[in-house]
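Structure record follows, encoded as C-alpha cells.
None of the values given here were measured: they were computed from a predicted structure. A, B, ... follow the sequence lines: proteins, then strands. Residue 1 opens every chain.
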Protein chains: 2
Amino acid sequence: MYSSELIKGTLKTIILKLLTENEKMYGYELTQKVKDMTGGKIQLTEGALYPTLHALQNQGILTTEVVNVGNRLRKYYAITPSGREIASEKVNEFTDFIATMITLLDLKPNLG
Amino acid sequence: MYSSELIKGTLKTIILKLLTENEKMYGYELTQKVKDMTGGKIQLTEGALYPTLHALQNQGILTTEVVNVGNRLRKYYAITPSGREIASEKVNEFTDFIATMITLLDLKPNLG
DNA sequence: CATAAATACATAAGTAAATTATGCATTAGT
DNA sequence: ACTAATGCATAATTTACTTATGTATTTATG
C-alpha cells in the first residue's frame with residue numbers, strides 16, 4: 001500500500017478507465033479488480049468509491065443497472081459516450097502528468 | 001496546469017528531491033525551479049509550500065539559514081542526512097506508484 | 001517618475017477528496 | 001456455530017491542499 005496522499009486524485013481516472021474496458025462493473029468488483037491488478041498495492045476504500053460512483057452517475061458520466069444475484073443486489077455501472085470522452089481526457093492528463101514528474105524528479109521507471 | 005487533485009501528495013517528494021540535488025534552496029527559488037522545469041505545468045503555491053517547509057524543518061528533515069540579500073531576507077533550506085533517507089524513500093515510492101499506475105491504466109508514456 | 005510586476009516571506013480561512021467508522025444483509029468457508 | 005467474504009451505503013473526521021490576505025523590497029515599464 002502506498003502512502004495515501006499519492007493515490008489521491010486518481011480514483012476517478014481509475015474508475016473511468018476500467019469502465020471503458022469492461023462494459024459494466026459493480027462497486028465491489030472494481031475494488032477487487034484494482035487490488036488484483038496492483039498486487040494489493042492500491043485498494044479502493046468503500047467510503048471513497050461509492051460516493052464517487054454516485055457523483056459520476058449524477059453527472060451523467062455513468063449509468064446504473066441493479067441486478068439481483070440470488071438474494072443479494074448488485075449495482076452495475078456502465079460508462080456513457082460523454083463519459084468516454086472524460087475518461088480519455090483524464091487518462092491523457094495523467095499520462096502527461098507522469099511524464100512531467102519523471103522529468104522533474106529525474107526518474108528511471110522500469111517499464112515492463 | 002494539471003487539475004489540482006493530481007498534484008496532491010507530490011509536494012514533499014518534489015521539495016525533498018530538489019534539495020538532495022541542490023545543497024540549499026529558498027522557497028521562492030523552489031517555486032521558480034519547478035515552474036521552469038515543468039514548463040509551467042506545475043506551479044507550487046506559497047500557501048502550500050511555506051507551511052510544508054516549516055513542517056519539514058520541525059521534523060528535522062530540513063535545516064534553515066537566513067541570509068540577507070540587500071535589504072531582503074532569504075531563508076535557505078538544506079536537507080539533513082535523515083532527510084536524504086526520507087527523500088530516497090519518497091522517490092522510490094513514487095516510482096513504484098507510477099509503474100503500478102502504468103500497468104493499471106495500460107498507459108504508454110513517451111519517455112524522452 | 002509613478003506604477004506595476006517580480007521577488008520574498010508568512011498565515012488564516014475555506015474546500016475537496018480522501019480515510020475511518022459504522023451499519024445492514026447475504027453467502028461461503030472452517 | 002462462527003468468521004470471512006461479498007455487496008451496498010452513509011456520516012464524521014482528517015488531510016493536503018487552494019484562495020485570500022498581509023508585509024516589504026527591488027526591478028521593469030510607460
Side-chain angles (χ1 to χ4, degrees), chain A residues 1-16 24-36 40-59 61-62 64-77 90 93-94 97 101, chain B residues 1-16 24-36 40-59 61-62 64-77 90 93-94 97 101:
Chain A
M1 279 285 286
Y2 300 114
S3 69
S4 61
E5 320 102 75
L6 273 190
I7 302 168
K8 285 195 182 192
T10 61
L11 179 57
K12 272 183 208 164
T13 308
I14 291 170
I15 292 171
L16 294 178
K24 61 175 180 169
M25 297 180 84
Y26 55 101
Y28 186 76
E29 186 184 9
L30 280 162
T31 67
Q32 297 309 300
K33 183 80 172 174
V34 170
K35 190 178 165 189
D36 289 352
K41 285 177 178 177
I42 297 178
Q43 270 165 265
L44 307 187
T45 59
E46 295 161 302
L49 177 63
Y50 290 115
T52 300
L53 286 171
H54 302 162
L56 291 170
Q57 183 190 358
N58 289 335
Q59 290 159 35
I61 292 169
L62 301 180
T64 61
E65 180 198 355
V66 178
V67 174
N68 265 297
V69 179
N71 247 338
R72 195 150 57 190
L73 72 116
R74 268 186 203 164
K75 202 165 174 180
Y76 279 98
Y77 290 87
K90 287 251 170 216
E93 189 188 22
F94 190 73
F97 173 67
M101 288 300 290
Chain B
M1 279 286 286
Y2 301 112
S3 68
S4 60
E5 319 103 74
L6 273 190
I7 302 167
K8 285 200 181 188
T10 61
L11 179 57
K12 273 184 207 163
T13 307
I14 291 170
I15 292 171
L16 294 178
K24 61 176 181 167
M25 297 181 85
Y26 54 100
Y28 186 76
E29 187 183 8
L30 280 163
T31 67
Q32 297 309 300
K33 183 80 173 173
V34 169
K35 191 178 164 188
D36 289 351
K41 284 177 178 177
I42 297 178
Q43 271 165 264
L44 306 187
T45 58
E46 295 162 302
L49 177 63
Y50 290 115
T52 300
L53 287 171
H54 301 161
L56 291 171
Q57 183 190 357
N58 290 336
Q59 291 160 34
I61 293 169
L62 302 179
T64 61
E65 179 198 356
V66 178
V67 174
N68 265 295
V69 179
N71 249 336
R72 195 153 55 191
L73 72 116
R74 265 186 205 165
K75 201 165 176 181
Y76 279 99
Y77 290 87
K90 286 250 171 216
E93 188 188 25
F94 190 72
F97 172 67
M101 288 300 288

>> What is the separation between atom CD on A:Gln43 and atom C1' on C:dA18, rounded to the nearest whole Å?
In response: 15 Å

>> How close do A:Thr52 and A:Leu11 get, counting heavy atoms only, and between which atoms?
In response: OG1-CD2, 3.4 Å

> Atom CG of A:Leu53 and atom CD of A:Glu46: how far apart are they, to the nearest 0.5 Å?
Replying inline: 11.5 Å

>> If I take atom CE in residue A:Met25 and atom C1' in nucleotide D:dG7, what distance separates them, rounded to the nearest angstrom?
In response: 14 Å

> Rounded to the Å, how far apart are A:Ile14 CD1 and C:dA17 P?
Replying inline: 15 Å

> Closer to the 5' end of DNA chain C via nearest nucleotide, is it B:Gln32 or A:Val69?
Replying inline: B:Gln32

>> Over all strands shown, is B:Glu29 touching base, sugar-phosphate only, or nothing at heavy-atom distances under 4.0 angstrom?
In response: nothing

> Where do A:Glu93 and A:Thr13 land on the side chain to side chain contact (heavy atoms under 4.5 Å, CB included) test, with the steps shown first?
Replying inline: CA-CA 10 Å; A:Glu93 189 188 22; A:Thr13 308; over 6 Å; no

> What distance separates B:Thr31 OG1 from B:Asp36 CG, expressed to the nearest 0.5 Å?
Replying inline: 9.0 Å

> Taking CG from B:Leu49 and P from C:dA12, how many angstroms apart are they, rounded to a whole number?
Replying inline: 17 Å

> Closer than 4.0 Å, any side-chain N/O of A:Tyr50 to the OP1 or OP2 of D:dT10?
Replying inline: no

>> For a quick test of reading the model, state the closest non-hydrogen atom pair linking B:Lys24 to B:Glu29 and the distance between them.
In response: O-OE1, 4.2 Å

> Atom CG of A:Leu11 to atom C1' of C:dA17: distance rounded to whole Å?
Replying inline: 9 Å

> Hey, which of these two, A:Glu46 or B:Arg72, hits DNA chain D nearer its 5' end, going by closest nucleotide?
Replying inline: A:Glu46

>> Within the 4.0 Å heavy-atom criterion, would you say A:Arg74 contacts the bases, only the backbone, or no part of the nucleic acid?
In response: sugar-phosphate

> Mapping A:Gly47 and B:Pro51 to their closest nucleotides on DNA chain C, which lands nearer the 5' end?
Replying inline: B:Pro51

> Rounded to whole angstroms, how far apart are CG on A:Leu73 and P on C:dA25?
Replying inline: 12 Å

>> Regarding B:Gly27, tell me which of base, sugar-phosphate or nothing describes its non-hydrogen contacts under 4.0 Å with the strands shown.
In response: sugar-phosphate

>> Tell me the interatomic distance from B:Lys8, atom NZ, to D:dT18, atom P, rounded to whole angstroms.
In response: 7 Å

>> From OH of B:Tyr76 over to P of C:dC9, roughly how many Å is that when rounded to an integer?
In response: 9 Å

>> Check the phosphate of C:dA10 against B:Lys75, side-chain N and O only, distance under 4.0 Å to OP1 or OP2. Yes or no?
In response: yes

> Does A:His54 place a side-chain N or O at less than 4.0 Å from the phosphate oxygens OP1/OP2 of D:dT10?
Replying inline: yes

>> Counting only side-chain heavy atoms from C-beta out, which of C:dA17, D:dC8, C:dA8 sits nearest to A:Tyr26?
In response: D:dC8

